[in-house]
> 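Once you've had a glance at the structure underneath, I'll fire off some questions.
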Amino acid sequence: MKKNVLALSIAAMIGGLGFAGAVSAEVIPGRGGAATWNGSALTASTATDLVFSEGGVGHQLLVPYYTAQDGNMTVLHVVNTDTANGKAVKVRFRGASNSDDVLDFQVFLSPQDVWTAAVSAGADGVAQIVTADNTCTVPRLVPGTPQSFITTRVNPNSDKAEQTREGYVEIFNIADIPSIKDARWAVAPSTTPVNSPLYTLTKHKDGVAPCSAGGADWTKLEEIAIASYPDTAPGEAAAAAAGFNTPTGGLYGDWYIINVPKTTTFSGGATALRAVDGTGSSARGNFVHFPQNDGTVTNVEHFTADPLFRVGSVNLNNVATTVAALEAGNYDLPDFSTPYLVAGQYPTGLASNGAPLQQAATLTEALAVKSVTNQYATDATISAKTDWVFSMPTRRYSVAANYAILAESTNTKGYAHEDYRLFSVMPATVTTPWFRPRASAAATGASNTTVDANGNICVSVDSQKFYDREETEKTAPATGSVFSPAKPGVGAKFALCGEVNVLAFKDAGVSVLGASSNIARQTAADSLIYTNGWGVFGTNNGGAGLPILGASFIKLTNPSAGTGFSGTYGITWPHRYTK
């Protein structure tokens, strides 16, 4: 179940560049070997926590939803506000069903740079990304040439193309690229200090980064990007000598969803997470640059909490695995659980199996909420339609779908099998895990997760209430009307099925976002809601809350718009939460 690395256009070049035998990169905490960074040591890592960035600028970004369904195109902008340092950035698209990786690559932003790209459906139905940007990427995204998403990791029992057309986006500052000059990079016989080759290749000149044009300059960048930096003092020196430094953040992101035929646009800002020190100030994280290739990752449990990659994850009956369900490649790292903070924040030590679990718990706790509130409108006089999006971008580090079990020959293997859901064992500091297996095989039904008919892992909310605009309310009964399609036995509780879930209000036809019922779509029945109003979902989840992001997407049409004039409008209201 490895990715199609040929589609990533990288594997064939590695041997020729002399890195065929290179081992995996490691997480490197800057040790501050020099008073200031000068190409011989990384500046000391100082971050002790990850927090929401109220200002929207940070080290890590989350775009809670992208879609290429029903003629929609999703456009991304990533901005580097740092005017002195370039940024090495990892971008990963994950599918809505179970957060399967459908495309990832690296972007090399120069100081004060902006990278833009658009996601749409290709002629074959598979999502594709295209950019006209002059910023460098590895593998190379040729400006104007679409790159298809990759389906090798999605549910084999599904429409694979459809699985790529909805999901969410992870964006990480994995390293800085300083503009400081040093004599070590001077070309003999000159000894005059110059910028590192990495900085020179990625810094825009006359509006174009040299490596973006391809050819020898891009090959040089790729050679640097797939090099290896083991977690030793020489490895730290090698990372610095390559022109990297520990990451300082300074990224923000914007997105918009546009449907040209339906003349509708929605937009918003990416959720930003800052790595901060003990004073709450933005700080340096660990160097987490991994090669963008399919090399095998040694000690993968040191770098990710993803239960598919780890030995020792547990199945539904709380039985530990003895082999990994999926082999991780270097391109799978980093993810949101890769240790980004200084070693003291991980009780079992940075180079241990427990560090990624602690990182995942820290981040999930930061995102967890006890209730979600927003508005909706379904007024027929203005053709109003509403979709609510619920995105749980850290759920992958607690529970994941093991599709490998579906390929086994016996007919008893399927979504209900105890090995289909694999769970990471959260650290002891987490008293109530957000997504829980059974206590044992005998404790049937004790898990807070289920699986729907499409193979999507589900978790139910505790309650839901809907209000009109005049103080009237409806509370869903314990039995009776349900959200459709519902998991049998769940009753009236709304089940968040999939990593990203779209709740359409009333309209059983094409929803505002064109979401698919095979992946993310459910519909709120007329009997539970009013024409217009607001609602609140309880997500206490045994006191743990649920890690939810999202928004209300409302589409309106002006019936008085003249012939030849567009009268369609899109409103995006972020969810409101309680902690």
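No hydrogens, no waters, no symmetry mates; every other heavy atom, side chains included, goes into these values. Count residues from 1 along the sequence.
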> Treating Thr164 as the side-chain partner and Val126 as the backbone partner, does any N or O pair qualify as donor plus acceptor under 3.5 Å?
no

> Would Gln147 and Gln128 count as a side chain to side chain donor-acceptor pair (under 3.5 Å) here? Give the steps.
CA-CA 5 Å; Gln147 167 64 52; Gln128 61 183 18; over 6 Å; no

> Is the backbone of Ala305 close enough, under 3.5 Å, to the side chain of Ser337 for a donor and an acceptor to pair up by distance?
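Yes.
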
> When rounded to the nearest 0.5 angstrom, what distance separates CG in Leu109 from CD1 in Ile177?
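If I round to the nearest 0.5 Å, the distance is 8.0 Å.
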
> How long is the straight-line distance from CD of Glu327 back to CZ of Phe309, given to the nearest 0.5 Å?
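Taking CZ in Phe309 and CD in Glu327, the distance rounds to 9.5 Å.
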
> Does any non-hydrogen side-chain atom of Met392 lie less than 4.5 Å from one of Phe435?
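Yes - at least one pair of side-chain heavy atoms lies under 4.5 Å apart.
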
> Among Asp100, Asp335, Asp101, Asp332, which one satisfies salt bridge (charged side-chain N to carboxylate O under 4.0 Å, His left out) with Arg396?
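It is Asp100; the other options fail the test.
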
> Kindly say whether Thr67 contributes a backbone atom to a donor-acceptor pair with the side chain of Thr74 at under 3.5 angstrom?
yes

> Using the rule given for side-chain contact (heavy atoms from CB on, under 4.5 Å), can you reason through Val27 versus Tyr340, listing the C-alpha separation, both sets of side-chain angles and the distance that settles it, and then say yes or no?
CA-CA 8 Å; Val27 173; Tyr340 205 73; over 6 Å; no

> Check the pair Asn80 / Asp113 against side chain to side chain donor-acceptor pair (under 3.5 Å), numbers first and verdict last.
CA-CA 5 Å; Asn80 178 16; Asp113 190 10; over 6 Å; no

> For Thr81 and Gly250, indicate whether the former's side chain and the latter's backbone hold a donor-acceptor pair under 3.5 Å.
yes

> Could you check whether any side-chain N or O of Asn155 sits under 3.5 Å from a backbone N or O of Asn157, counting only pairs where one atom can act as donor and the other as acceptor?
yes

> Would you please indicate if the ring centroids of Tyr252 and Trp115 are separated by under 6.0 Å?
no

> Under the criterion side chain to side chain donor-acceptor pair (under 3.5 Å), I'd like the reasoning laid out for Lys181 against Ser196: C-alpha separation, chi angles, the key distance, then a yes or no.
CA-CA 7 Å; Lys181 297 180 179 181; Ser196 69; over 6 Å; no

> Check for me whether the distance between the ring centres of Phe303 and Phe290 falls short of 6.0 Å.
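Yes: the rings meet the under 6.0 Å criterion.
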
> Checking Thr202 side chain against Ser110 main chain: does a donor-acceptor pair fall under 3.5 Å?
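Checked: no pair found.
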
> Checking the side chain of Asp277 only, and the main-chain atoms of Gly280 only, is there a donor and an acceptor separated by less than 3.5 Å?
yes

> Only one of Trp255, Phe93, Phe266, Tyr256 forms a ring-ring contact (aromatic ring centres under 6.0 Å, His included) with Tyr66, so which one is it?
Phe93

> Taking the six-membered ring for Trp and the single ring otherwise, decide whether the centroids of Phe172 and His59 are under 6.0 Å apart.
no

